[in-house]
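Have a look at the structure below before the remarks.
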Amino acid sequence: MNSEQQLLFRYTFHLADGPSRCFEVRLEAQTLSLVTANRADLPEWTRLESRQCPNCPLDAGEHPHCPLAVAIIDLVEFFTEFTSYDKVEVSLQTKERDYVKRTSVQKGVSSLMGIYMVSSGCPIMDKLRPMVRFHLPFATIEETTYRAISMYLTAQYFRSRHNLAADWDLKHLTDVYEEVQIVNRSFVGRLKQIELHDASANALVILDNFANYVALALDEDMLDDMEYLFTAYLEE
């Protein structure tokens, strides 16, 4: 597969008191599936039945290893010795633009882990896959909520074009994020089987907080706080 058929996200972590590490995440441009190299020595904690998520539809006979776990092996192994609040400068290079942020390890890992999770092949995370095409590193909760709603409504437009029922009232977007929360929380339990500091686990907690906020925003009509942005569309 040539470079024109792939999307590349190059995350580089410059640790204040340690080595630098570059993670090149390659996705198939059409499917947004993670391009991974086959690895023979998959650790025990990646087995599907090792703390399998309660909402996981995969069968261990056909999928012996959790696709999400396999996707983040290198990330977890590198940050085993780092704690959440270690300082780091994170840079992201994409074809369109570059980003740089000085932050904590957990926030940098969280931003990168979000790409791995939705492109890994996990059936629950697949619903969020369109967001990775327009990945926004170090996004705020408000930005994540806006992107999630925009993605979901765009999906409903394409459903209507295919003569499928469309959820214009966002009734089922909460369901999507509740399923994602189950995966996030179950995966923290999977990571606790490994002898590591808290950076990777806490990165997942950050992602779970984002998922929880999106669900809460929809349940409690917190979207009203965004209405002022659309004044021009509310005039006759």
Side-chain angles (χ1 to χ4, degrees), residues 1-13 22-37 67-72 74-75 90-101 103 107-162 164 166-168 170 172-181 183-184 187 203-204 206-211 213-215 217-218 223 226 229:
M1 184 179 299
N2 61 49
S3 58
E4 294 300 318
Q5 297 173 307
Q6 294 184 350
L7 300 178
L8 173 63
F9 299 91
R10 182 180 289 110
Y11 267 87
T12 304
F13 292 77
C22 178
F23 293 88
E24 290 194 348
V25 186
R26 297 181 183 274
L27 307 180
E28 294 181 6
Q30 292 300 311
T31 65
L32 301 179
S33 297
L34 183 65
V35 178
T36 58
L68 202 163
V70 172
I72 66 169
D74 290 344
L75 184 64
V90 185
S91 61
L92 167 61
Q93 293 177 293
T94 68
K95 182 179 179 180
E96 293 81 12
R97 61 190 63 87
D98 296 346
Y99 305 83
V100 178
K101 184 175 179 66
T103 185
K107 290 182 179 179
V109 171
S110 176
S111 188
L112 173 54
M113 190 178 287
I115 299 179
Y116 281 124
M117 293 181 76
V118 302
S119 63
S120 66
C122 168
I124 303 300
M125 291 293 179
D126 275 352
K127 292 289 181 66
L128 304 185
R129 191 175 290 195
M131 292 176 70
V132 80
R133 178 60 185 87
F134 306 100
H135 176 60
L136 180 63
F138 325 117
T140 65
I141 288 177
E142 290 79 9
E143 289 168 337
T144 299
T145 302
Y146 186 87
R147 292 173 62 239
I149 294 170
S150 299
M151 173 206 69
Y152 189 76
L153 288 175
T154 303
Q156 304 318 302
Y157 168 73
F158 286 115
R159 283 182 61 84
S160 68
R161 283 184 55 178
H162 286 265
L164 299 170
D167 176 25
W168 297 114
L170 306 175
H172 299 297
L173 178 56
T174 301
D175 298 337
V176 171
Y177 272 89
E178 286 177 349
E179 292 292 304
V180 168
Q181 285 179 281
V183 173
N184 287 344
F187 210 83
L204 264 174
I206 290 174
L207 291 175
D208 187 58
N209 286 340
F210 282 147
Y213 184 89
V214 173
L218 295 169
L223 292 180
M226 293 186 182
L229 298 171

Nearest atoms (heavy-atom pairs only) where Thr12 meets Cys22: OG1-SG, 3.7 Å
Asp167 backbone acceptor or donor facing Gln156 side chain under 3.5 Å: yes
Spacing of Glu179 atom CD and Lys127 atom NZ [to the nearest 0.5 Å]: 8.5 Å
Considering all heavy atoms, the nearest Ala166-Ser160 contact: CB-CB, 4.3 Å
Side chains of Ser120 and Leu68 in contact at under 4.5 Å (non-hydrogen atoms): yes
Side-chain heavy atoms of Val180 within contact of Leu128, under 4.5 Å: yes
OG1 on Thr144 to CD1 on Ile149, rounded to 0.5 Å: 11.0 Å
Within-4.5 Å side-chain heavy-atom neighbours: Phe134 and Ser150: no
Sub-4.5 Å side-chain heavy-atom contact between Leu8 and Lys95: no
Shortest non-hydrogen separation from Leu34 to Val25 and the atoms involved: CD1-CG1, 3.6 Å
From OH (Tyr116) to OH (Tyr11), nearest 0.5 Å: 10.0 Å
Between CE on residue Met125 and CE on residue Met117, distance to nearest 0.5 Å: 3.5 Å
Backbone of Met131 reached by a side-chain donor or acceptor of Arg147 within 3.5 Å: yes
Tyr99 to Arg97 - nearest heavy-atom pair and separation: OH-CD, 3.2 Å
Ile72 side chain near Phe187 side chain, heavy-atom distance below 4.5 Å: yes
Gap separating the CZ atom of Arg10 from the OG1 atom of Thr94, nearest 0.5 angstrom: 10.0 Å
Side-chain touch Leu7/His135, heavy atoms, less than 4.5 angstrom: no
Stepwise side chain to side chain contact (heavy atoms under 4.5 Å, CB included) check, Leu112 with Leu75: CA-CA 9 Å; Leu112 173 54; Leu75 184 64; 3.6 Å; yes
Minimal non-hydrogen separation, Ala29 against Leu32, with atom names: O-CD2, 4.0 Å
Which atom of Ser91 lies closest to which atom of Val100, heavy atoms considered: CB-CG2, 4.1 Å
Ser111 side-chain N/O to Phe138 backbone N/O, donor-acceptor pair under 3.5 Å: yes
From Leu92 atom CG to Ile115 atom CD1, the distance as rounded to the nearest 0.5 Å: 6.5 Å
Leu170 side chain reached by Leu153 side chain, heavy atoms, under 4.5 Å: yes
Side-chain donor-acceptor contact under 3.5 Å, Arg129 with Ser33: yes
